[in-house]
Amino acid sequence: MKNQVEIFDTTLRDGEQVPGCKLDTKSKLILAEKIDQLGVDIIEAGFPISSPGDFKSVVEISKVIKNASVCALSRANEKDIDVAAESLKKAKKPRIHTGIGTSEVHIKYKFNSNKDSIIEIAKKSVAHARKYVDDVEFYAEDAGRTDNEFLAKVCEEVIKSGATVLNIPDTTGYCLPSEYGDKIKFLINNVNGIENVTVSCHCHNDLGLATANSIYGVINGARQIECTVNGVGERAGNTSLEEVVMILRQHNNLNLDTNINSKLLNEVSQKVSELMAMPVQPNKAIVGSNAFAHSSGIHQDGVIKKRETYEIIDPLDVGVDKSSIVLTARSGRAALAFRMKEYGVNLTKKELDDVYNEFLIVADKKKEVTDTDFPEILQNKNIRYG
Ligand code: KIV
Ligand code: ZN
């Protein structure tokens, strides 16, 4: 089995569905080009039937994207698919993403339907999409809560109708990693023809498990992960792109990798945050402002001696200049001496003891001691500097 995992970026579709994150065409184009440079394999550009603005965004993105496939979402009906196909006309590598809910709760309450009718609609939609493009992805919405036997049947039928990618969404973020992994394995072992298509993970983060579930998906044979930059997305968000990419990079023994240029991760994260007006939480893995900041004395001492004592990722690998030592009341002498040296002041052992006591007085009053506090601290101890 090939060890390349395709990255399907849905920042501009699932990510953009978030209240307050809506983007106009100009912003979507800026982000689409950045995400393309990052090295993703597929960009889901929008849901064209949802609004004229989104239709236009998919048209414009289709014109400019050079490397990735451009994908448009549709529900399982001809009108949606026709509009998606129209919006993708100029794409070099177009993909239509169509599908329908397959869980009991969706079939009964959303569609007031039954399993046989759902399979018929799914087959017809895929076949209709295939009239326009060679690359058709089918999503079994709420696959996470869909009975595996029925899910396998749906998958087998849509493959026969021409689906090239099978998306198995944990739409409500319900599954445990082992459960989601087993679901993927079950499909791979029980669906005729599945060896000819790509199986895709699309996980939501309602229980904080989206990244773990996607990783278990690829460990069990899926070869595409649907994700968003900064993990933005409906409710608690989608699988975070930067997290899955760096997990696969850090764990070479999985023998799985992506095409992503990780050195661009920080820059793209900041651009998405800026244009969506959606701040990144400081403790966000990989791209949060504290991801490479050390504030406790024990950790600072270790990092100053050897970065690897408390960092598993080289910040340069994700586009962050360097790790930072943050001076707080929990910092030790080693961190203070290190920062003073950077500031141009070399302290003797005795001076360091004196300055450290003065530093703690300031640090107990403030959240963080910065370079602007140093002149007063040094003056109070009669230490010449500058
Ligand atoms: O979460 C989901 O099920 C989706 C589908 C539309 C793919 O976003
Ligand atoms: Zn989703």
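In listed order, ligands and their atoms are each counted from 1. The structure displayed is predicted, hence computed values, not measured ones.
Residues Leu176 and Leu151 fall into different hydrophobic clusters, defined by Ile, Leu, Val, Met, Phe, Trp and Tyr side chains chained together at heavy-atom separations under 4.5 Å. Linking ILVMFWY residues whenever their side-chain heavy atoms come closer than 4.5 Å, directly or via other members, places Leu12 and Val58 in the same cluster.
Distances below 4.0 Å separate heavy atoms of Glu141 from the following atoms of ligand 1: 3 (O). Applying the 4.0 Å criterion to heavy atoms of His204 picks out, from ligand 1, the atoms 1 (O). Each of the atoms 1 (O), 2 (C), 3 (O) of ligand 1 lies under 4.0 Å from some heavy atom of Thr171.
Here the shortest heavy-atom distance to atom 5 (C) of ligand 1, taken over Arg13, His97, Glu226, belongs to Arg13.
In this pair, Tyr132 and His128 present their aromatic rings perpendicular. The plane angle is above 60°, beyond the 30 to 60° band.
Distances from the Zn ion (ligand 2) to the N/O/S atoms of Asp14 are shortest for OD2.
Taking distance alone, with nitrogen or oxygen atoms compared against 3.5 Å, Asn167 stays at or beyond that limit from ligand 1. Polar contact check, Tyr139 against ligand 1: no nitrogen or oxygen pair lies under 3.5 Å apart. Looking at His202 next to ligand 1, an N or O pair under 3.5 Å apart turns up. Looking at ligand 1, you'll find an N or O of Asp14 within less than 3.5 Å of one of its N or O atoms.
Heavy atoms of other residues, nucleotides or ligands lying less than 6.0 angstrom from CG of Asp364 number more than 12.
Between Gln300 and Ser331, the side chains place a donor N or O and an acceptor N or O closer than 3.5 Å (distance only, hydrogens not considered).
In this structure, CG in Leu73 is found 7.5 Å from CD in Gln17, a value given to the nearest 0.5 Å. Remark: Cys227 SG to Ile260 CD1 distance equals 7.5 Å, nearest 0.5 Å.
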